[in-house]
Amino acid sequence: MSGRTIVMTSGKGGVGKTTATANVGTGLALRSNRVVVVDTDIGLRNLDVVMGLENRIVYDLVDVMEERCRIEQALIRDKHAGELYLIAAAQTRDKDCVSAEQLQNLCRRLELDFDYVVIDCPAGIEQGFRNAIAAAREALVVTTPEVSAIRDADRVIGLLHANDVRKARVIINRIKPEMVRQGDMLSSDDVLDMLGIEAVGLVPSDDRVITSTNSGTPVAYDPQSPSGREFVRIAARLDGEHIPMFEPEEERSDSIMDKVRQLMGMNRRASANV
């Protein structure tokens, strides 16, 4: 049985997509899966830093595509989880040097040896995004409870559906229950109602993420971290377990929702036709 290729995307940068990629990959590997995370953000790689593997890179994704090395030579083994590997993006090459077909072929080959292939997609909806979604069978859309992030996530979901990536779920990142209660942040129910897709994880805001990123150790390894525990639960849900969602104590703010609807100026699926 071949593995599953999942693309992690967001539309908007700065919502924690790369951190989520590292932690979802880590969570899956901690469940005894064989996992490879692939950084496709050519020229702006960061996944290696988040995983603490930046000093181990010899060959990268473009080296594989241009046949300067074998896939096995580009695989960097994680320092903590025995069956977690990284293929790093090239730092000094142009984003157009990899095609959708090349990435698709690579993922099909990786699926023969790995249970999960997790693609860290570039932010935005340009060619790098289109390459990444062409290679994937499933998608996790990372967003935060902010108007601009939700609007971009809505556009991305429409593009995923238009490109036949039908199995798309959302990770809502950096939820602050106290701000929701005060009416200063959208609730997870508000976000899901607007996006119209299923959630696979509701990740609370957590200062430990900053510490873990700076140290190059994904927060999923930290049992004391609320966000780390949720990333582990996300991995379990992807693996087929029925794990209850993290449910912050939230109250819906109609005033915020009215403002968001006005600012977005569209219904949740209008973006699919853009």
Side-chain angles (χ1 to χ4, degrees), residues 6-10 12-61 74-92 114-123 140 142-146 149 171-177 200-239 246 248:
I6 303 173
V7 63
M8 304 282 291
T9 184
S10 63
K12 185 181 187 299
V15 298
K17 171 183 55 60
T18 294
T19 299
T21 301
N23 282 285
V24 169
T26 297
L28 289 167
L30 289 173
R31 295 177 57 81
S32 300
N33 289 297
R34 187 169 162 83
V35 182
V36 57
V37 291
V38 182
D39 190 346
T40 62
D41 198 355
I42 298 170
L44 293 171
R45 73 181 183 210
N46 282 307
L47 188 55
D48 56 314
V49 175
V50 174
M51 297 177 69
L53 300 174
E54 66 273 17
N55 295 325
R56 298 190 178 192
I57 299 171
V58 177
Y59 296 106
D60 58 43
L61 178 64
L75 291 170
I76 305 166
R77 193 167 189 161
D78 184 63
K79 295 181 290 187
H80 306 282
E83 293 302 318
L84 175 62
Y85 296 82
L86 164 71
I87 296 179
Q91 184 75 328
T92 59
F114 289 90
D115 298 303
Y116 289 93
V117 180
V118 184
I119 302 173
D120 186 19
C121 177
L140 299 183
V142 182
T143 188
T144 55
E146 301 168 21
I171 295 174
I172 305 176
N173 199 20
R174 301 175 188 158
I175 299 170
K176 296 183 178 181
V200 72
L202 309 176
V203 182
S205 181
D206 183 0
D207 290 342
R208 289 175 183 261
V209 173
I210 299 172
T211 305
S212 73
T213 300
N214 289 339
S215 67
T217 304
V219 75
Y221 289 118
D222 183 357
Q224 303 303 314
S225 165
S227 61
R229 292 195 297 269
E230 180 61 6
F231 280 121
V232 170
R233 289 192 288 262
I234 289 171
R237 294 178 193 118
L238 291 173
D239 235 4
F246 162 82

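Since the model is a prediction, treat every value here as computed from it, not as a measurement.
- Here the shortest heavy-atom pairing between Asn46 and Asp39 reads N-OD2, 3.4 Å.
- When the side chain to side chain contact (heavy atoms under 4.5 Å, CB included) test is applied to Val50, the partners found at least two apart in sequence or on another chain are Thr18, Ala22, Thr213.
- Judged as a side-chain hydrogen bond (donor to acceptor under 3.5 Å, both in side chains), and not counting sequence neighbours, Arg229 has no contacts.
- Atom CD of Glu54 is separated from atom CD of Gln91 by 11.0 Å, given to the nearest 0.5 angstrom.
- In this structure the side chain of Leu84 reaches within 4.5 angstrom of the side chain of Thr26, judged on heavy atoms.
- Here the closest non-hydrogen pair linking Ala220 and Phe231 is CB-CB, 4.5 Å.
- Every side chain to side chain contact (heavy atoms under 4.5 Å, CB included) that Asn214 has, sequence neighbours left out, goes to Ile210.
- Listed by first and then second residue, the salt bridge (charged side-chain N to carboxylate O under 4.0 Å, His left out) pairs that reach into residues 201-219 are Arg208-Asp222, sequence neighbours excluded.
- Side chains of Ile6 and Tyr116 form a contact here, defined as non-hydrogen atoms less than 4.5 Å apart.
- Under the rule for a salt bridge (charged side-chain N to carboxylate O under 4.0 Å, His left out), the partners of Asp48 that lie at least two apart in sequence or sit in another chain are Arg45.
- Going from atom CD1 of Ile119 over to atom CG of Asp41 covers 13.0 Å, rounded to the nearest 0.5 Å.
- Heavy-atom minimum distance, Ala20 versus Val142: CB-CG2, 4.1 Å.
- Closest approach of Val35 and Ala29 over heavy atoms only: CG2-N, 3.7 Å.
- For the ring pair (Phe, Tyr, Trp, His ring centres under 6.0 Å) test, residues two or more places apart in sequence or in another chain that qualify with Tyr85 are Phe114.
- Listed for the Asn23 side chain is a donor-acceptor partner under 3.5 Å among the backbone atoms of Thr19.
- By the 4.5 Å heavy-atom criterion applied to side chains, Leu86 and Arg56 are not counted as neighbours.
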### Query
Hey, mind stepping through Val36 and Leu75 against side chain to side chain contact (heavy atoms under 4.5 Å, CB included) and telling me if it holds?
CA-CA 8 Å; Val36 57; Leu75 291 170; 3.8 Å; yes

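- With sequence neighbours excluded, the residues satisfying salt bridge (charged side-chain N to carboxylate O under 4.0 Å, His left out) with Glu83 are Arg34, Arg77.
- Under the 4.5 Å side-chain criterion, counting only non-hydrogen atoms from C-beta, Val37 is not in contact with Met8.
- Here Thr40 pairs with nothing under the side-chain hydrogen bond (donor to acceptor under 3.5 Å, both in side chains) rule; sequence neighbours left out.
- Listed by chain and residue number, Ile42, Asp60, Val62, Arg93 satisfy the side chain to side chain contact (heavy atoms under 4.5 Å, CB included) test with Ala90 (two or more places apart in sequence, or in another chain).
- Remark: Ser205 pairs with no residue by the side-chain hydrogen bond (donor to acceptor under 3.5 Å, both in side chains) rule, at least two apart or across chains.
- Between atom NZ of residue Lys79 and atom CE of residue Met51 there is a gap of 10.0 Å, rounded to the nearest 0.5 Å.
- Taking 4.5 Å as the limit, every side-chain heavy atom of Val7 sits out of range of all side-chain heavy atoms of Leu140.
- If you take NZ on Lys17 and CG on Leu47, they are separated by 8.5 Å, rounding to the nearest 0.5 Å.
- Considering every non-hydrogen atom in both Pro226 and Pro204, the closest pair reads CB-CG, 3.8 Å.
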### Query
Given Ile57 and Ile76, is the side chain to side chain contact (heavy atoms under 4.5 Å, CB included) satisfied, shown in steps?
CA-CA 7 Å; Ile57 299 171; Ile76 305 166; 3.5 Å; yes

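- In this structure, Arg174 has no salt bridge (charged side-chain N to carboxylate O under 4.0 Å, His left out) partners at least two apart in sequence or on a different chain.
- Considering only residues two or more places apart in sequence or on other chains, Tyr221 meets the side-chain hydrogen bond (donor to acceptor under 3.5 Å, both in side chains) condition with Asp78.
- Interatomic distance, CG of Asn33 versus CG of Asp239, reported as 4.5 Å (0.5 Å rounding).
- Using a 4.5 Å heavy-atom cutoff, the side chains of Val15 and Asn173 are not in contact.
- Considering CD1 of Ile171 and OG1 of Thr21, their distance stands at 8.0 Å, rounded to 0.5 Å.
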